[in-house]
There are 2 protein chains.
Amino acid sequence: MTAFFFHGYALNAVDAKNRLSVPSGYRDTNEKRSGEKQLIVGPAERAPCLVGYDVLRFERLQAQLNERFAGNYSDERDDFARDAFGLNESLPYDETGRIILSPSLKFTSGIDKLAFFIAAGDYFEIWHPQRLIEHKGATSPAGRIVQQLLDARK
Amino acid sequence: MTAFFFHGYALNAVDAKNRLSVPSGYRDTNEKRSGEKQLIVGPAERAPCLVGYDVLRFERLQAQLNERFAGNYSDERDDFARDAFGLNESLPYDETGRIILSPSLKFTSGIDKLAFFIAAGDYFEIWHPQRLIEHKGATSPAGRIVQQLLDARK
DNA sequence: TTGTTACCCATCAAATCCCATGGTAACGCT
DNA sequence: AGCGTTACCATGGGATTTGATGGGTAACAA
């Protein structure tokens, strides 16, 4: 089968009910990849943002677990499994394509009123716009885009 | 077929009758995995918390026993079987999704008023919140989440 | 009897659904 | 190219449903 990749970016608003529209293109990609109207979202490991995947992520994680630890249980394996499955949330989106950000996701990402989506093929990141600029630099490719989108919102 | 995994986390209260709501998502996963409205819960081997599984756990344990000891009885096999089947309790949950924690489970886990659920794919852990922070560290991924949820409860 | 377990019902807040609006990009006709 | 129409998407608000939790009481067992 053909592989489908997340691509593009978007700056969307988080409303008073913590709802956030997932970019339409991402939803298409997601549904082609997994057939599900839900995403897996959790804290990123190496950056202060969130990461989103299709639901097949859990199966890939399970495969990683088997490959890395085989049937041998240990504290290390426990920690890996806990972080992998425990910290990632399964977020279904409604007909209008919105997910609800839990307090934890908002807290760990710093996201409050605006969320910047940027794709990366197999997954995509969700950033607090200002934080991306601080983290990646205002002159980085992503930083420029964010700044530009922020300016466009007056 | 698709595999179903436990995922996500929750901080729930234990009431005066020792009742504890199993997170809705875990119940869904459990029922998809086993078709039963009950869980297997017992002390964790490597951490001071509880572990929960779907009821198929007993069958998997039996398979492990057969594979590992192949019908040869020994002290080692007895110990394994005793721990596996003896220490785990089968806990049915009611229509509102609550299990009742036995005194043993409360004692070995230290859980009293609050219980923190965190998933790990094939199983999930249930912790005394403060104990998780002490055991895993306040800055560990899970530790942060717990602290945050505790703070959110005023 | 005394404490536990199993139902039942009540409540509050959070999550979900449904409908509505405004903006904009795509399209097609002249 | 210019213009208007259409379609889709992000977003807001209200109403409904679901989930977590507390409390009462009858059935049961030690």
Side-chain angles (χ1 to χ4, degrees), chain A residues 6-31 36-39 41 52 89-107 111-119 124 126 129 146 148-154, chain B residues 6-31 36-39 41 52 89-107 111-119 124 126 129 148-150 152-154:
Chain A
F6 293 105
H7 55 89
Y9 56 87
L11 179 67
N12 289 164
V14 179
D15 71 14
K17 292 168 159 183
N18 294 318
R19 292 180 299 190
L20 171 62
S21 286
V22 175
S24 168
Y26 288 19
R27 302 200 300 267
D28 288 346
T29 299
N30 176 56
E31 285 159 40
E36 301 275 330
K37 285 182 182 292
Q38 56 178 313
L39 296 165
V41 179
E89 305 181 32
S90 166
L91 303 183
Y93 44 80
D94 57 34
E95 287 310 308
T96 66
R98 287 183 285 195
I99 54 176
I100 299 188
L101 289 183
S102 70
S104 298
L105 292 176
K106 289 186 73 178
F107 182 80
I111 292 170
D112 54 340
K113 295 299 169 202
L114 290 173
F116 177 71
F117 289 83
I118 184 153
F124 56 87
I126 314 177
V146 175
Q148 188 184 318
L149 290 174
L150 287 175
D151 292 345
R153 288 207 171 219
K154 282 184 294 20
Chain B
F6 292 105
H7 59 267
Y9 55 86
L11 179 66
N12 289 165
V14 179
D15 71 14
K17 294 169 165 181
N18 294 319
R19 292 180 299 189
L20 172 61
S21 286
V22 176
S24 166
Y26 288 19
R27 303 201 299 266
D28 289 345
T29 299
N30 177 57
E31 285 158 40
E36 300 278 328
K37 286 181 182 292
Q38 56 178 314
L39 296 164
V41 179
E89 303 181 28
S90 166
L91 303 184
Y93 44 81
D94 60 31
E95 287 310 307
T96 65
R98 287 185 284 196
I99 54 177
I100 297 187
L101 288 183
S102 69
S104 305
L105 293 177
K106 288 187 74 177
F107 182 78
I111 292 170
D112 55 339
K113 295 298 170 203
L114 291 173
F116 177 71
F117 288 83
I118 183 154
F124 57 88
I126 315 177
Q148 189 185 318
L149 290 176
L150 287 174
R153 290 210 168 214
K154 283 183 294 28

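For the numbers below, each heavy atom of this structure counts, side chains included, while hydrogens, waters and symmetry mates do not. Proteins come first, then strands; the chains are lettered A, B, ... in the order of their sequence lines, and each starts at number 1.
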TODO: Please report, rounded to the nearest Å, how far the P atom of D/dT18 is from the CG atom of A/D94.
DONE: 16 Å
- [ ] Answer with base, sugar-phosphate or nothing: what part of the nucleic acid does A/S24 contact at a heavy-atom distance below 4.0 Å?
- [x] sugar-phosphate
- [ ] Could you pull out all residues at least two apart from A/S102 that satisfy side chain to side chain donor-acceptor pair (under 3.5 Å)?
- [x] A/E89
TODO: Residues of residues 11-20 of chain A with any non-hydrogen atom less than 4.0 angstrom from an atom of DNA chain D: list those, numerically ordered, please.
DONE: A/N12, A/A13, A/D15, A/K17, A/R19
Task: Nearest non-hydrogen partners of A/Y93 and A/Q38, listed with the distance - done: CE2-N, 3.8 Å
TODO: Specify the residue among B/P23 and A/G25 whose closest nucleotide of DNA chain D lies further upstream toward the 5′ end.
DONE: A/G25
Open item on the list: Please give me the minimum heavy-atom distance between B/Q148 and A/S104, naming the atom from each residue.
Closed with: NE2-CA, 2.7 Å
- [ ] Can you tell me the distance, in whole Å, between the CZ atom of B/F117 and the C1' atom of D/dT21?
- [x] 13 Å
Task: Interatomic distance where CG belongs to A/D28 and P belongs to D/dA7 [whole Å] - done: 18 Å
- [ ] Using whole Å, report how far OH of B/Y9 lies from P of D/dG19.
- [x] 18 Å
Task: Shortest non-hydrogen separation from B/L149 to B/F116 and the atoms involved - done: CD1-CE1, 3.7 Å
Task: Nearest atoms (heavy-atom pairs only) where B/N30 meets B/E36 - done: ND2-O, 2.9 Å
- [ ] Tell me whether the OP1 or OP2 atom of D/dA20 has a side-chain N or O from B/R153 closer than 4.0 Å.
- [x] no
- [ ] Take the protein atom OH of B/Y26 and the nucleotide atom C1' of D/dA20, then report the distance between them rounded to whole Å.
- [x] 15 Å
Task: Flag, side chain of B/Y26 to backbone of B/F124, donor-acceptor distance under 3.5 Å - done: no
Open item on the list: Testing the basics here: between B/K106 and B/L101, what is the closest heavy-atom pair and its distance to 0.1 Å?
Closed with: CG-CB, 3.8 Å
Task: Residues in contact with DNA chain D, drawn from residues 95-107 of chain B - heavy-atom cutoff 4.0 Å - done: B/T96, B/R98
TODO: To the nearest Å, give me how far apart OH (B/Y93) and C1' (D/dT21) are.
DONE: 18 Å
Task: Nucleotide C/dA6, atom P - distance to NZ of B/K37 in whole Å - done: 16 Å
Open item on the list: Are B/Y9 and B/F117, when compared by the centres of their aromatic rings, separated by less than 6.0 Å?
Closed with: no
Task: Residue pair A/L20 / A/A13: nearest heavy atoms and the distance that separates them - done: CD1-O, 3.6 Å
